[in-house]
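Structure record follows, encoded as structure tokens.
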Amino acid sequence: MIEQDTIRLLRECDAGIKMGVASIDDVISYISDPDLQQLLTTCKNDHITLKDEIQTLLHKYHDEGKEPDAMAKGMSWLKTNVKLVLNESDYTIASLMTDGCNMGIKSLNQFLNEFRAADETSKDIAKRLIQLEEQLVQNVKKFL
């Protein structure tokens, strides 16, 4: 049970990071404020570092990780592009990032509760990912 929950939690973290990085990539070229661009670039790099850590652990369990749900990814892309077409601004980008982070925080907490038997290392990774998301929400508030 511990190994199964550990793998499941790591896979969900992996999918969440991929979704977050893709979302940042979707908006980065629209940013006008260099401070916001730096915030998102730093956040993306922090996510990639955590993703590498997850991949190492998943490899130990002979698991390839998980791609984000195709429907969720498609809907996110559509929402992002429609909002940016209607209002290409740093406010819109900060709002989109806040919404995405809040959804990620909610999902990750749900997975921590669902996969209670996961090992402490994977729980720590999920908690660090939640902290990254919470920090980004705080950091982009000044652009709202």
Side-chain angles (χ1 to χ4, degrees), residues 4-116 118-144:
Q4 191 175 33
D5 274 11
T6 296
I7 293 168
R8 287 179 177 161
L9 182 57
L10 290 171
R11 293 180 97 229
E12 294 301 340
C13 289
D14 186 46
I17 287 174
K18 289 174 182 173
M19 185 79 161
V21 168
S23 295
I24 292 170
D25 285 341
D26 287 345
V27 301
I28 202 96
S29 64
Y30 294 95
I31 298 171
S32 61
D33 189 301
D35 290 339
L36 180 57
Q37 184 148 12
Q38 183 59 48
L39 277 173
L40 291 184
T41 299
T42 299
C43 183
K44 177 182 170 181
N45 291 338
D46 291 343
H47 277 67
I48 290 170
T49 299
L50 202 51
K51 181 182 179 304
D52 292 343
E53 195 174 329
I54 290 167
Q55 288 298 316
T56 299
L57 291 170
L58 284 169
H59 182 71
K60 182 177 112 176
Y61 291 109
H62 308 290
D63 193 280
E64 296 296 317
K66 180 180 175 184
E67 291 299 317
D69 179 73
M71 181 64 82
K73 192 172 180 179
M75 293 302 290
S76 173
W77 182 88
L78 183 63
K79 177 182 176 181
T80 297
N81 284 287
V82 166
K83 285 196 170 209
L84 286 173
V85 164
L86 296 174
N87 183 10
E88 185 179 316
S89 69
D90 290 342
Y91 167 85
T92 300
I93 292 167
S95 178
L96 288 165
M97 289 293 109
T98 299
D99 291 348
C101 287
N102 286 334
M103 288 184 349
I105 292 164
K106 180 181 173 185
S107 294
L108 288 165
N109 278 299
Q110 176 187 341
F111 293 129
L112 275 170
N113 290 329
E114 184 176 344
F115 305 125
R116 290 182 192 270
D119 70 9
E120 291 306 313
T121 301
S122 61
K123 288 179 185 177
D124 177 64
I125 287 172
K127 290 173 185 173
R128 286 189 284 149
L129 183 53
I130 290 168
Q131 288 173 344
L132 280 175
E133 299 294 309
E134 290 172 339
Q135 187 61 55
L136 184 58
V137 168
Q138 290 301 314
N139 291 339
V140 300
K141 281 184 178 180
K142 65 182 176 184
F143 299 98
L144 294 173

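All values derive from a computational prediction rather than experimental measurement.
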**OP:** Taking all heavy atoms of A118 and all of D5, pick out the closest pair and write down the distance.
**Re:** N-CB, 3.5 Å

Original post:
Is it the case that more than 12 heavy atoms not belonging to Y61 sit under 6.0 Å from its OH atom?
Top reply: yes

Original post:
Does any non-hydrogen side-chain atom of E88 lie less than 4.5 Å from one of T92?
Top reply: no

Original post:
Checking S23 side chain against M19 main chain: does a donor-acceptor pair fall under 3.5 Å?
Top reply: yes

Original post:
Do the side chains of N139 and T42 get nearer than 4.5 Å, heavy atoms only?
Top reply: no

Subject >> Pairwise distance CG(L36) to CD1(I31) - rounded to 0.5 angstrom >> reply: 4.0 Å

Original post:
Do you know which two heavy atoms are closest between P68 and A15, and how far apart they sit?
Top reply: CG-O, 3.5 Å

Original post:
Taking all non-hydrogen atoms of both residues, which atom of I93 and which atom of L40 are closest, and how far apart?
Top reply: CG2-CD1, 4.0 Å

**OP:** Would you name the heavy atoms of F115 and E12 that are closest together and state the gap between them?
**Re:** CE1-CG, 4.1 Å

**OP:** List the atom of D14, the atom of Q55, and the distance in Å for their closest heavy-atom pair.
**Re:** OD1-NE2, 2.9 Å

Original post:
Quick one: NZ on K127 to OG on S122, what's the gap to the nearest 0.5 Å?
Top reply: 9.5 Å

Original post:
Checking K123 side chain against R116 main chain: does a donor-acceptor pair fall under 3.5 Å?
Top reply: yes

Original post:
If only atom types and distance count, is the side chain of T6 paired as donor or acceptor with the main-chain N or O of D119 below 3.5 Å?
Top reply: yes

Original post:
Given side chains that start at C-beta, do those of E53 and R128 come closer than 4.5 Å, heavy atoms only?
Top reply: yes

**OP:** Can you measure from CG (L57) to OG1 (T121) and round to the nearest 0.5 angstrom?
**Re:** 6.5 Å

**OP:** Kindly compute the distance separating CG (L136) from CD1 (I24), expressed to the nearest 0.5 Å.
**Re:** 6.5 Å

Original post:
Passes side chain to side chain contact (heavy atoms under 4.5 Å, CB included), L112 versus I130? Steps please.
Top reply: CA-CA 10 Å; L112 275 170; I130 290 168; 3.7 Å; yes

Original post:
Nearest 0.5 Å, what's the OG-CD distance between S29 and Q37?
Top reply: 9.0 Å

**OP:** Look up atom CG in L50 and atom CD1 in I125, then write down how far apart they are to the nearest 0.5 Å.
**Re:** 6.0 Å

**OP:** For D25 and K44, work out which heavy atoms get closest and say how close.
**Re:** OD1-NZ, 2.6 Å

Original post:
How about L129 and H47: do any of their side-chain heavy atoms sit closer than 4.5 Å?
Top reply: yes

**OP:** State whether the side chain of D90 and the backbone N or O of S32 hold a donor-acceptor pair below 3.5 Å, judged by distance alone.
**Re:** yes

Original post:
Is a side-chain donor or acceptor of N109 paired with a backbone partner of I105 at a separation under 3.5 angstrom?
Top reply: yes

